[in-house]
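Lettering follows sequence order; numbering is per chain, from 1.
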Amino acid sequence: MRVTTSFPLGTLRDTPSEAEIISHQLLLKGGYIRRVNSGIYAYMPIMFRVIEKISSIIDKELISIGCTKLLLPQLHPADLWRKSERWEGYTEGEGIMFNLKDRQGKEFGLAPTHEEVITCIASEIINSYKQLPQCYYQIQTKFRDEIRPRFGLMRSREFIMKDGYSFHSSKKDLASFYEKMGNAYGNIFQNCGLQTVGVEADSGAIGGASSKEFMVTANAGEDTILFTESGSYAANLEKAFSIPSQAIPLKKYSSEWLDTPNQKTIEDICKKNNLDPSQIVKVVIFIGKFEDKTELPIIACIRGDQHINEVKLFNLLNKKYATNLIKLNIVEDNTIIKKNLVNLPLGFIGPDIDNKTIKIDSNWDKSWIKIADESASNLSTFISGGNKVNTHKVFREFSFTEKDYLIADIRNAKKGDRININSDEKLQEKKGIEIGHIFQLGQKYSEKLNANFSDKDGQLKNLWMGCYGIGVTRIAQAAIEQNHDEHGICWPIQISPFQIIIIPINFKDPIQRKLTEEIYEDLMNNKIDVLLDDRDDRAGVKFKDADLIGIPFQIIIGRDSINKEVEFSCRAQKTKIKLKANKLLETFISESKVMYNKNS
RNA sequence: CGGGGCGUGGCGCAGCUUGGUAGCGCGGGUGCUUUGGGAGCACUAGGUCGCAGGUUCGAAUCCUGUCGCCCCGACCA
């Protein structure tokens, strides 16, 4: 490819002010992407080459484990999503599914994921256990109306994703395929030249049993990963479990009541009364909104020095009730409290709250759902709200179980916690970018969509399913986040748009030009991805652009052309070696081999 | 949805407080010089100042409304 005729670069001199993180800045500055709207980007030719490289790495690996590539529609009928009972949850309120009506008034949604469509199609094709297992995948644009798109391709509303769906005759076969897929994912990311960590994860709105996320570790990541140094445990914060630190025993209090004027936060109470946060039980009120429009008031208790994990709480409630929980809102607005509760001031609510506190005319359900984390229920003596303004209470021998509390893990694990009682290993924390997620869905979708097969015993059974996603455009940006320097991108060679860029210093000089053309021709004939910067620009401009767009090898053709000598430069290491033009090919082959092996 | 900020040529910005008819750097075009890390000189094209009202003799500037974008939070496979 030639910069002047077939491959204009479109690099920018200044960094557009809209970009916050380095990878986003470099994508814009390097001319890889252009913003069309909030969270919607055009992938420029140079970006599309990266996308194609990543796609072919994925194809190669997935085909090797027996997956089949196809392409599914992006516009899905609402009825199909109603069958899986996901339409409401994905469209209502702040749902992420773009939806619209056609001219007949029929409802459609732009696909954020494809379980429904593929399950429907697979069930038509698959009749017998003899056809199983099967795994279909596609690489396609997905749409998600994110509440706040940000960081360029990291969280965009339109993005490219590889999504795969497997079908099995048994749970066991699903589990073994899931393992196989996990290994394939490891290979894919390694073949993309990325450093990743596999972590246990929450399966979120997709649902299902087991799920694992693949994270690129980077400070710009939006997820928090907790792990042990030895690698014995790694999980997303949403899912992570740990043993909380020891609570400090409460000293004896003579009176039952504490005057705590205007002390609404744990911090205030501790400061003014010489207490430790671990001696307090924090009481948080939530409102759960269900699909059938009911609103349940929830009271959640946790030790004062710990934090409630809303994902865990959400999942717990969702499992407990027959209808789907759509939203879980923390109640911290006093007007909402006053409207629904009798004389209950926020900040002073205690675990011994009574059902009578819910007003008759409230549209909430009239009894509390009570949930306590073990960190709270393990305390025998503690301080908590007195259910009266400016008052806290000393609780002695309070039993959460006797007061109808459900005891469950609703706590955020944190850095420094131990992972189990028998181990001294402590959790560490890092930020990560989720680039892949694999799920064992089980029979959730095949039941709802009635996807059956005849098993060996002649009985009709629901298909066992897994689903597997990779954020293709997100990989590209994550790779930049992990591989850049002050001059620009340093692509891993595996996913770089080109392997080599040729920079003739003075393209008007007939000797340099002749040598440049010879070298370009030779590399092209040897099927090497090479970009020729044949612009009639000053050397500095071409050097800056080459460094910015980050192609791993640069061939600089300058004044030594007369002796058929050129420079071979490695972008990331900034090393330069002089060599004869006829040694270029072998040097590139050996140097790139080193690079491939280092990264994969 | 709450808080903050911004909309002025392709990009980055100044001008707005205190109204007088739009400017800087980069980029584009032409010519000459230059040519190993974003060149110099000269000439040149390009903007109804987000949009709509209003105040005024006069609005990029003041007022009202509206749209859009960015950041923080809430939230989110």
For a quick check, tell me whether the side chain of A:Arg35 and the base of B:rC69 share a donor-acceptor pair closer than 3.5 Å. no
Regarding the side chain of A:Lys508, the nearest nucleotide among B:rG36, B:rC75, B:rU35 is B:rU35
For A:Ile505 and B:rU34, give me the distance from atom CD1 to atom P, rounded to whole Å. 18 Å
When both distances are under 3.5 Å in a Watson-Crick or G-U wobble arrangement, the nucleotide paired with B:rC69 is B:rG5
Is it possible for you to check whether A:Arg35 lies under 6.0 Å from the centre of the six-membered ring of A:Tyr41, through NZ or CZ, and within 45° of that ring's axis? no
Just checking, any donor-acceptor pair under 3.5 angstrom between side chains of A:Thr224 and A:Lys431? yes
A:Ser38 vs B:rG68: side-chain N/O to OP1/OP2 distance below 4.0 Å: no
Side-chain N or O of A:Arg150 closer than 4.0 Å to phosphate OP1/OP2 of B:rG73: yes
Would you indicate, yes or no, if B:rG10 has its OP1 or OP2 atom less than 4.0 angstrom from a side-chain nitrogen or oxygen of A:Arg34? no
Can you spot which of A:Phe314, A:Trp364, A:Tyr321 makes a ring pair (Phe, Tyr, Trp, His ring centres under 6.0 Å) with A:Phe290? A:Tyr321
By nearest nucleotide on RNA chain B, pick out whichever of A:Glu222 and A:His24 is the more 5' one. A:His24
Pick the P atom in B:rC62 and in B:rG3, then give their distance to the nearest Å. 22 Å
Taken to the nearest whole Å, CG/A:Asp545 to C1'/B:rG36 is 16 Å
Proximal nucleotide (of B:rA39, B:rG36, B:rG37) relative to the A:Arg559 side chain: B:rG36
Quick one: is B:rC1 close enough that its OP1 or OP2 comes under 4.0 Å of any side-chain N or O from A:Arg148? no
With the side chain defined as heavy atoms from C-beta on, A:Asp14 is closest, among B:rC72, B:rG25, B:rC75, to B:rG25
Out of B:rC76, B:rG36, B:rG12, minimum distance to the side chain of A:Lys576 belongs to B:rG36
Residue whose closest nucleotide on RNA chain B lies nearer the 5' end, A:Lys29 versus A:Arg155: A:Lys29
Distance-only donor-acceptor test, A:Lys544 side-chain atoms vs B:rG36 base atoms, 3.5 Å: no
Rounded distance in Å between the C1' positions of B:rU34 and B:rA39: 7 Å
Does A:Asn37 contact B:rG68 through a side-chain donor or acceptor facing the base, at a distance under 3.5 Å? no
State whether the number of non-hydrogen atoms from other residues, nucleotides or ligands found under 6.0 Å of A:Lys583 atom NZ is greater than 12. no
Check: A:Glu115/A:Thr113 side-chain N/O donor and acceptor closer than 3.5 Å: yes
Which base, if any, makes a Watson-Crick or G-U wobble pair with B:rG31, both distances under 3.5 Å? B:rC41
Other residues, nucleotides, ligands: >12 heavy atoms within 6.0 Å of A:Lys339 NZ: no
A:Arg538 side-chain proximity, nearest of B:rG37, B:rC72, B:rA39: B:rA39
Using whole Å, what does the distance between atom C1' of nucleotide B:rG27 and atom CG of A:Leu9 come to? 15 Å
Between atom CZ in A:Arg157 and atom P in B:rC76, what is the gap in whole Å? 18 Å
Rounded to whole Å, CD1 of A:Ile557 lies from P of B:rG37 at a distance of 17 Å
